[in-house]
Peer 1: 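This structure is in structure tokens; I'll ask about it shortly.
Below, read A as the first sequence line, B as the second, and so on, with proteins coming before strands; counting in each chain starts at 1.
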Amino acid sequence: MNYWLLKSEPGVFSIDDLEKEKVTIWDGVRNYQARNFLRAMQVGDLAFFYHSSTGTPGIVGLCRVLETGIADPSQFDPGSPYFDSRSTVDNPRWWTVRVGFLEKFEPMLSLRLLRQKFSPDELALLRRGSRLSVMPVAAEVAQRIIALRG
DNA sequence: GCCAACGTTGGC
DNA sequence: GCCAACGTTGGC
């Protein structure tokens, strides 16, 4: 099983939204490297949920990959901010997964705390200029993150 | 293929 | 709001 980290701005979609909805399609990723990580996900993988661009950024929970190989529906929707006119139903450009809520971390594991506990080498999130919204987390590091939660 | 210009991300 | 870092675009 593999571990991942998924970023979301809580003003757009938060861990509380996922807890309420239970399941969601992780749509809107428009970066090829991030897309490739989404395509590498397997059912049963676990993903940390990260809140970005907010007062206290950090890991706020855990979710599970429930379904893979989903063509991101928002790429076909002209009314969506994620619409991509280069995509066709026959030849989609953007792929994603369905994830399910597992747990909310209370308290959250702030970026500040993560920087204290992990090195940039261990956690890509902490690397200078890291902007990827989907990234892998090494199993050993993931276990240590899980052990830190409340 | 190069690279300048531009847009976006995201912490602070 | 600032700005560094990064990705994408498009002229050449």
Peer 1: When rounded to the nearest 0.5 angstrom, what distance separates CZ in A:R39 from CH2 in A:W94?
Peer 2: 11.0 Å

Peer 1: Could you list by number each residue of residues 127-135 of chain A showing a heavy-atom separation from DNA chain C of less than 4.0 Å, or answer none if no residue does?
Peer 2: A:R128, A:G129, A:R131

Peer 1: Could you give the start and end, 5' to 3', of the contact zone on DNA chain C for chain A, using atoms under 4.0 Å from its heavy atoms?
Peer 2: C:dA5 to C:dT9

Peer 1: Using five base pairs at each end, measure the axis-to-axis angle across the helix from B:dG1-C:dC12 to B:dC12-C:dG1 and round it to 10 degrees.
Peer 2: 10°

Peer 1: Name the atoms and distances for all side-chain donor-acceptor pairs under 3.5 Å in residues 137-150 of chain A, with sequence neighbours left out.
Peer 2:
| unit_1 | atom_1 | unit_2 | atom_2 | d |
| --- | --- | --- | --- | --- |
| A:E140 | OE2 | A:R144 | NH1 | 3.1 |
| A:Q143 | NE2 | A:Y3 | OH | 3.1 |
| A:R144 | NH1 | A:E122 | OE2 | 2.9 |
| A:R144 | NH2 | A:K117 | O | 3.2 |
| A:R149 | NE | A:E103 | OE1 | 2.7 |
| A:R149 | NE | A:E103 | OE2 | 3.4 |
| A:R149 | NH1 | A:I146 | O | 3.0 |
| A:R149 | NH2 | A:E103 | OE2 | 3.4 |

Peer 1: Quick one: list whatever passes side chain to side chain donor-acceptor pair (under 3.5 Å) with A:T56, sequence neighbours left out.
Peer 2: none

Peer 1: Run the side chain to side chain donor-acceptor pair (under 3.5 Å) test against A:D45 and tell me which residues pass, sequence neighbours left out.
Peer 2: A:W4

Peer 1: Would you mind telling me which of A:T24, A:L102, A:L6 makes a side chain to side chain contact (heavy atoms under 4.5 Å, CB included) with A:L18?
Peer 2: A:T24

Peer 1: Checking the side chain of A:E19 only, and the main-chain atoms of A:K104 only, is there a donor and an acceptor separated by less than 3.5 Å?
Peer 2: no

Peer 1: Tell me, please, which residues at least two apart from A:R86 pass salt bridge (Lys or Arg N to Asp or Glu O under 4.0 Å).
Peer 2: A:D84

Peer 1: Can you sort out the partners of A:R115 under side chain to side chain donor-acceptor pair (under 3.5 Å), two or more places apart, ordered by chain and number?
Peer 2: none

Peer 1: Are A:F105 and A:L46 connected into the same hydrophobic cluster when the rule is that any two of I, L, V, M, F, W, Y join if their side-chain heavy atoms are below 4.5 Å apart?
Peer 2: yes

Peer 1: Excluding sequence neighbours, so at least two apart, what forms side chain to side chain donor-acceptor pair (under 3.5 Å) with A:S74?
Peer 2: A:R30, A:D72

Peer 1: Check each residue of residues 78-89 of chain A for a non-hydrogen atom within less than 4.0 Å of any atom in DNA chain C, then write out the ones that pass by number, or none.
Peer 2: A:R86

Peer 1: Which residues satisfy the salt bridge (Lys or Arg N to Asp or Glu O under 4.0 Å) test with A:E9, sequence neighbours excluded?
Peer 2: none

Peer 1: Can you list the residues that meet the salt bridge (Lys or Arg N to Asp or Glu O under 4.0 Å) rule with A:E67, with sequence neighbours excluded?
Peer 2: A:R98

